[in-house]
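What follows is a single structure, written as structure tokens, with notes after it.
Quick note: numbers below take in every heavy atom, side chains included, and nothing from hydrogens, waters or symmetry partners. The first residue of the sequence shown is numbered 1, and numbering continues consecutively from there.
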Amino acid sequence: MPKIKTHSGAKKRFSLTKSGKVKRAKAYKRHLLNGHGKTTKVKRGLRGVAYADSTNVAAVKRMIPYK
């Protein structure tokens, strides 16, 4: 069997945990982070780890076969 190519966009955005969950970053943390943008409370909530929804897990795992 030939090797499968890894999706280069997916490898930058997702990683797998030891238990097989798909770990992802939270959205809305790129700009407007001070002053009249987001509050400290919102930014603190965006810090933690998030996991991909169960409906997307199979598709993401296909895109990153060797991670």
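- Residues V57 and A52 come closest through the heavy atom pair CG2-O, 4.0 Å.
- For the residue pair A27 and L46, the shortest heavy atom distance occurs at O-CD2, 3.3 Å.
- Note that CG of L32 is 10.5 Å distant from NZ of K43, once rounded to the nearest 0.5 Å.
- Under the side-chain contact (heavy atoms from CB on, under 4.5 Å) test applied with V22, the options K61, R13, K67 reduce to a single match, K61.
- Contact record, G45 with K26: O-NZ, 2.7 Å, taken as the closest heavy-atom pair.
- Note that the NE2 atom of H7 and the CZ atom of R62 stand 12.0 Å from one another [nearest 0.5 Å].
- Here the NZ atom belonging to K11 is positioned 12.5 Å from the OH atom belonging to Y66, to the nearest 0.5 angstrom.
- Of the inter-residue distances, the one linking K38 atom NZ with R44 atom CZ reads 15.0 Å to the nearest 0.5 angstrom.
- Expressed to the nearest 0.5 Å, how far CG of L16 lies from NZ of K23 amounts to 10.0 Å.
- Note that CZ of R24 is 11.0 Å distant from OH of Y51, once rounded to the nearest 0.5 Å.
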